[in-house]
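Just dropping this structure here.
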Amino acid sequence: MDKNKVYEDIRRQIVEERLAPGQWLIERELCEAYSMSRTPIREILWRLAADGFLEQEANRGFVVRRLGLEQIFEIFQTREAIEGMAARLACRRGGEAFRAKLRDIKKRIAQANIESDPGLGIALGRELHRAIMSAANNGILADINEKLENLTVLTANLTKRSPVIEKASAGAHLEIINAMLQPD
């Protein structure tokens, strides 16, 4: 298995909480599980740490990131700033193709049954945010947003358990879309 596939597999296990927040990753076990030597496994772990999925503790190794309430608030405050700028740029630069994409996402959010499938709300919200970032057409903003999105994925594990939170999020997404579709 190549390094990118191993990275994606470990990342998916973290996102799906098969590797739980606070869980230590043991290099030797990963080497055995993926039939790889320690050097590529360490590179993968460093990359996962750089992308925000793991934390490295000196002389101890790597642990799956555990987000506290304060960190979750900080993530959403940062998203508000980054995505607000992206939305302004997207409205200026996006054109009719972008507005058509917004209308399509709006329709699917309005039709979704978030209460029975909160994961659908998360997926549609992610699609909206990615469409906005793409239309903003700002490479530096997109790079910063990529790491932020990794941290946001970790918060989704909390919200997907709450249809109430996801339903409120869907309502907020509809308001954002409506505002962005206004000519001003």
Side-chain angles (χ1 to χ4, degrees), residues 4 7-8 10-12 14-16 21 44 46-55 65-115 117-184:
N4 287 331
Y7 169 90
E8 286 301 326
I10 295 171
R11 179 188 179 282
R12 185 175 49 259
I14 293 168
V15 169
E16 294 173 357
I44 292 163
W46 288 329
R47 183 175 162 202
L48 286 161
D51 289 346
F53 294 103
L54 301 177
E55 293 177 330
R65 180 180 288 260
R66 180 181 306 200
L67 295 175
L69 193 55
E70 186 174 321
Q71 288 176 310
I72 292 169
F73 283 126
E74 289 174 354
I75 289 166
F76 283 98
Q77 287 172 335
T78 306
R79 282 184 70 187
E80 184 178 336
I82 297 291
E83 293 176 354
M85 174 56 74
R88 281 189 289 283
L89 292 171
C91 285
R92 285 188 213 139
R93 299 175 176 170
E96 184 50 39
F98 172 62
R99 286 186 286 285
K101 178 78 172 169
L102 288 179
R103 287 189 291 272
D104 174 62
I105 294 170
K106 176 182 175 180
K107 178 181 171 186
R108 289 186 289 138
I109 290 173
Q111 293 173 345
N113 187 345
I114 304 298
E115 289 179 359
D117 187 3
L120 178 59
I122 292 170
L124 290 169
R126 193 166 291 132
E127 184 178 349
L128 171 62
H129 293 287
R130 287 182 178 154
I132 292 169
M133 196 57 63
S134 177
N137 196 25
N138 181 310
I140 293 173
L141 196 63
D143 289 344
I144 293 168
N145 187 65
E146 187 175 336
K147 177 151 186 191
L148 187 58
E149 191 173 303
N150 290 337
L151 294 173
T152 302
V153 165
L154 297 176
T155 68
N157 288 329
L158 303 172
T159 63
K160 72 182 175 190
R161 293 187 192 105
S162 173
V164 172
I165 292 173
E166 282 309 314
K167 193 168 182 181
S169 179
H173 285 135
L174 290 172
E175 288 179 30
I176 291 167
I177 292 170
N178 287 335
M180 293 183 75
L181 288 172
Q182 296 301 311
D184 62 351

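Each residue takes its place number in the sequence, starting with 1.
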Inset, instruction - Using a 4.5 Å cut-off on heavy atoms from C-beta on, say whether the side chain of Ile75 contacts that of Leu67. - result: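 Answer yes - side chains close enough.
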Legend entry - Pairs meeting criterion ring-ring contact (aromatic ring centres under 6.0 Å, His included) with involvement of residues 80-109, two or more places apart: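 Residue pairs with at least one partner in residues 80-109: there are none.
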Inset, instruction - Answer yes or no: is there a side-chain heavy-atom contact under 4.5 Å between Arg126 and Ile122? - result: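 They are in contact (side-chain heavy atoms under 4.5 Å apart), so the answer is yes.
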Inset, instruction - Using side chain to side chain donor-acceptor pair (under 3.5 Å) as the criterion, list what pairs up with Arg79, not counting sequence neighbours. - result: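 Partners of Arg79 under the side chain to side chain donor-acceptor pair (under 3.5 Å) test: Glu83, His129.
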Inset, instruction - With rounding to the nearest 0.5 Å, note down the distance linking CD1 in Ile72 to CD in Glu74. - result: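 Separation between the atoms: 10.5 Å.
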Inset, instruction - With sequence neighbours excluded, tell me which residues meet side chain to side chain contact (heavy atoms under 4.5 Å, CB included) with Ala179. - result: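 Partners of Ala179 under the side chain to side chain contact (heavy atoms under 4.5 Å, CB included) test: none.
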Inset, instruction - Output yes when a side-chain donor or acceptor of Arg99 lies under 3.5 Å from a complementary backbone atom of Leu181, and no otherwise. - result: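 Side chain of Arg99 to backbone of Leu181: no pair is present.
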Inset, instruction - Check whether any side-chain heavy atom of Ile14 lies under 4.5 Å from a side-chain heavy atom of Leu54, and answer yes or no. - result: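 Contact flag for Ile14/Leu54 side chains = yes.
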Legend entry - Pairwise side-chain contact, Phe53 with Ile10, heavy-atom cut-off 4.5 Å (strictly under):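 No, too far: nothing below the 4.5 Å cut-off.
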Inset, instruction - To the nearest 0.5 Å, tell me how far Gln71 CD sits from Leu151 CG. - result: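 One finds 8.5 Å between CD of Gln71 and CG of Leu151.
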Inset, instruction - Verify the neighbour count for atom CD of Glu146: are there more than 12 heavy atoms of other residues, nucleotides or ligands below 6.0 Å? - result: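 Atom CD in Glu146 is not packed in, count stays at 12 or less.
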Legend entry - Inter-residue atom distance Met180.CE - Leu128.CG, 0.5 Å rounding: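 If we round to the nearest 0.5 Å, Met180:CE and Leu128:CG are 7.5 Å apart.
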Inset, instruction - Hey, could you give me each pair passing salt bridge (Lys or Arg N to Asp or Glu O under 4.0 Å) that has a residue in residues 147-156? Not counting sequence neighbours. - result: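 As it turns out, the salt bridge (Lys or Arg N to Asp or Glu O under 4.0 Å) pairs with a partner in residues 147-156, which skip direct neighbours, are Arg130-Glu149.
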Inset, instruction - Quick one: list whatever passes salt bridge (charged side-chain N to carboxylate O under 4.0 Å, His left out) with Lys101, sequence neighbours left out. - result: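 Lys101: salt bridge (charged side-chain N to carboxylate O under 4.0 Å, His left out) contacts with Glu127.
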Legend entry - Test item: Asn150 side-chain N/O and Asp51 main-chain N/O as donor-acceptor pair under 3.5 Å: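 Yes, because the side chain of Asn150 sits within donor-acceptor range (under 3.5 Å) of the backbone of Asp51.
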Inset, instruction - Taking all heavy atoms of Ala170 and all of Ile114, pick out the closest pair and write down the distance. - result: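 Shortest heavy-atom contact: CB-CG1, 4.1 Å.
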Inset, instruction - In sequence, state the C-alpha distance, the side-chain angles, and the governing distance for Asn178 and Lys106, and then conclude on side chain to side chain contact (heavy atoms under 4.5 Å, CB included). - result: CA-CA 8 Å; Asn178 287 335; Lys106 176 182 175 180; 2.6 Å; yes
Inset, instruction - Calculate, to the nearest 0.5 Å, the distance between atoms CD1 and CD belonging to Ile177 and Gln182 respectively. - result: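 The distance works out to 12.5 Å.
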Legend entry - Closest non-hydrogen atom pair between Ile105 and Ala131, with its separation: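 Scanning both residues completely, I find the closest heavy atoms to be CD1-CB, 4.3 Å.
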Inset, instruction - For atom CD of Glu70, decide whether the heavy atoms of other residues, nucleotides or ligands shown that lie under 6.0 angstrom number more than 12. - result: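 Not buried by this count: 12 neighbours or fewer within 6.0 Å.
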Legend entry - Met85 side chain near Asn145 side chain, heavy-atom distance below 4.5 Å: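 A side-chain contact under 4.5 Å is absent here.
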Inset, instruction - Nearest 0.5 Å please: distance from the CD1 atom of Ile132 over to the CG atom of Leu102. - result: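 Taking CD1 in Ile132 and CG in Leu102, the distance rounds to 6.5 Å.
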Legend entry - Pairwise distance CD(Glu8) to CD1(Ile44) - rounded to 0.5 angstrom: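 Nearest 0.5 Å value for the CD-CD1 distance: 10.5 Å.
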Legend entry - Side-chain touch Ile82/Met133, heavy atoms, less than 4.5 angstrom: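 They are in contact (side-chain heavy atoms under 4.5 Å apart), so the answer is yes.
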Legend entry - Heavy atoms of other groups near Glu96 CD, more than 12 under 6.0 Å: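 Yes - once you tally the heavy atoms of other residues, nucleotides and ligands closer than 6.0 Å, there are more than 12.
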Inset, instruction - Taking the side chain as every heavy atom from C-beta outward, state whether Leu89 and Leu141 have any atom pair closer than 4.5 Å. - result: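 Yes, their side chains come closer than 4.5 Å.
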Inset, instruction - Could you give me the CA-CA distance, side-chain angles and deciding distance for Leu120 and Leu124, then say whether side chain to side chain contact (heavy atoms under 4.5 Å, CB included) is met? - result: CA-CA 6 Å; Leu120 178 59; Leu124 290 169; 4.0 Å; yes
Legend entry - Which residues share a side chain to side chain donor-acceptor pair (under 3.5 Å) with Asn137, sequence neighbours left out: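 Scan of Asn137 (side chain to side chain donor-acceptor pair (under 3.5 Å), adjacent residues dropped) gives none.
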Inset, instruction - Without swapping roles, check the side chain of Arg93 against the backbone of Ala136 for a donor-acceptor pair under 3.5 Å. - result: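 Such a contact is found between Arg93 side chain and Ala136 backbone.
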Legend entry - Expected output: side-chain Asp104 to main-chain Ala100 donor-acceptor under 3.5 Å: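 Answer holds: no.
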